[in-house]
2 protein chains.
Amino acid sequence: MDSCNKQAYRLFFSTLGNQSRLEILNALRNGKKNVTEICAAAKLEQSLVSHHLKELEYHGMIFREKNGKFSYFQLNKKTIQPLLQLIEDHMGEYCCKIARGER
Amino acid sequence: MDSCNKQAYRLFFSTLGNQSRLEILNALRNGKKNVTEICAAAKLEQSLVSHHLKELEYHGMIFREKNGKFSYFQLNKKTIQPLLQLIEDHMGEYCCKIARGER
DNA sequence: TTTTCATATGAAAAATAGTTCATCTATTTA
DNA sequence: TAAATAGATGAACTATTTTTCATATGAAAA
């Protein structure tokens, strides 16, 4: 973690540290979806979803593919999948109480 | 990523999505340190560091070990090291421009 | 047994991030 | 070509986080 990368680390993590963005990533687990489909799956409003999609794309978490009036998005599986696995393992050991909101 | 874990994911990521906390983790890369040593290494004020250490500990990122009037902290290497490697790889491909702050 | 050092803590202030709203553009359909 | 649909965007508003400040606690040293 050299100093010139600290900003990028911070951005990487804080991009993922948001409930709405996680819902969106979750909605994309089983493949490509357009904005309307993501809204429905994630139960989030269109404008909000568009803002977040832009952010997720900028940070390389998802890829965009335009098709006529539709924008299709898909997960960057190479990063996201092992990441989620890693967190899963971490949580198994340290975060049970956290998931339940205990202190 | 089942729904009952979403909150825990969010907390995991947002814990790491903060510059000061990353500085602290960075300061712990080469082994155990007490609060004063962390402050010096990370160039952060004591009170701020204490607040963040509490947060990092609660989320299982670091471990605390009290010794007299000193509190020693060390990285949870099992989680943090592979995590940083994973991000490193991700950034190599997608985030060069991000690290430089471009849009 | 007072003083000093190390750390913790709560509350206020400051900074940052997230959401909503109104509106705009582009594409497709009637 | 007018209306409808899909999505994007900027600005205002709201909420959350981070930092600071003043002070408390507890251990060790003088």
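Below, chains carry the letters A, B, ... as their sequence lines are ordered, and counting in each starts from 1.
Atom CG of B:Leu16 sits about 6.0 Å away from atom CG of B:Leu83, to the nearest 0.5 Å. One distance of note links CD of B:Glu57 with CG of B:Asn76; it measures 11.5 Å at 0.5 Å rounding. To the nearest 0.5 Å, the span separating OG1 on B:Thr36 from CZ on B:Phe70 amounts to 7.0 Å.
In this entry the distance linking CG of B:Asn18 with C1' of C:dT16 reads 11 Å, nearest Å. If you measure from atom CD of A:Glu65 to atom P of D:dG7, you get 13 Å, rounded to the nearest angstrom. Between the CG atom of B:Leu11 and the P atom of D:dT16 there is a distance of 13 Å, rounded to whole Å. A:His52 has its NE2 atom 13 Å from the P atom of C:dA17, to the nearest Å. We find that CG of B:Leu16 is positioned 11 Å from P of D:dT18, with the value rounded to whole Å. One atom, CD of B:Glu55, and another, P of D:dT17, lie 9 Å apart when rounded to the nearest Å. Rounded to a whole Å, the NE2 atom of B:His59 is 12 Å from the C1' atom of D:dT17. Atoms CG (A:Leu56) and P (D:dA8) sit 13 Å apart, rounded to a whole Å.
Judged by distance alone, with hydrogens and angles left aside, the side-chain atoms of A:Arg21 form no donor-acceptor pair with the main-chain N or O of A:Leu53 at under 3.5 Å. At least one donor-acceptor pair closer than 3.5 Å links the side chain of B:Lys33 to the backbone N or O of B:Ala27.
Residues B:Phe63 and B:Leu75 share a closest heavy-atom pair of CD1-O, 4.1 Å. Smallest separation of non-hydrogen atoms from A:Leu11 and A:His59: CB-CE1, 3.5 Å.
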Solution key, residues 37-46 of chain A side-chain donor-acceptor pairs under 3.5 Å, sequence neighbours excluded:
{"residue": "A:Glu37", "atom": "OE1", "partner": "A:Asn34", "partner atom": "N", "Å": "2.9"}
{"residue": "A:Glu45", "atom": "OE2", "partner": "A:Ser47", "partner atom": "N", "Å": "3.4"}
{"residue": "A:Gln46", "atom": "NE2", "partner": "A:Ser50", "partner atom": "OG", "Å": "3.1"}

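A heavy-atom distance below 4.0 Å to DNA chain C is reached by these residues of residues 33-45 of chain B, ordered by number: B:Asn34, B:Val35, B:Thr36.
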Can you give one letter per nucleotide of nucleotides 24-30 of chain D, going 5' to 3': B for a protein heavy atom under 4.0 Å from the base, S for sugar-phosphate only, - for none? ---SS--

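Within the 4.0 angstrom heavy-atom criterion, only backbone atoms of the sugar-phosphate kind lie near A:Ser20; the bases stay farther away.
A:Phe13 places none of its side-chain heavy atoms less than 4.5 Å from the side chain of B:Asn18. Side-chain contact between B:Gln74 and B:Arg64: absent, with no pair of heavy atoms (C-beta onward) separated by less than 4.5 Å.
Remark: B:Lys69 pairs with no residue by the salt bridge (Lys or Arg N to Asp or Glu O under 4.0 Å) rule, at least two apart or across chains. Under the salt bridge (Lys or Arg N to Asp or Glu O under 4.0 Å) criterion, B:Lys77 pairs with no residue at all, not counting sequence neighbours.
Pair assignment for D:dA30 gives C:dT1, based on Watson-Crick or G-U wobble hydrogen-bonding distances that are each under 3.5 Å.
When the side-chain nitrogen and oxygen atoms of A:Arg10 are compared with OP1 and OP2 of D:dT17, none of them lie within a distance under 4.0 Å. Between A:Arg21 and C:dG18, a side-chain N or O to OP1/OP2 separation shorter than 4.0 Å is present.
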Is there any protein nitrogen or oxygen under 3.5 Å from a nitrogen or oxygen in nucleotides 9-11 of chain D, and what are the pairs?
{"residue": "D:dT9", "atom": "O4", "partner": "A:Ser47", "partner atom": "OG", "Å": "2.9"}
{"residue": "D:dG10", "atom": "O6", "partner": "A:His51", "partner atom": "NE2", "Å": "2.9"}

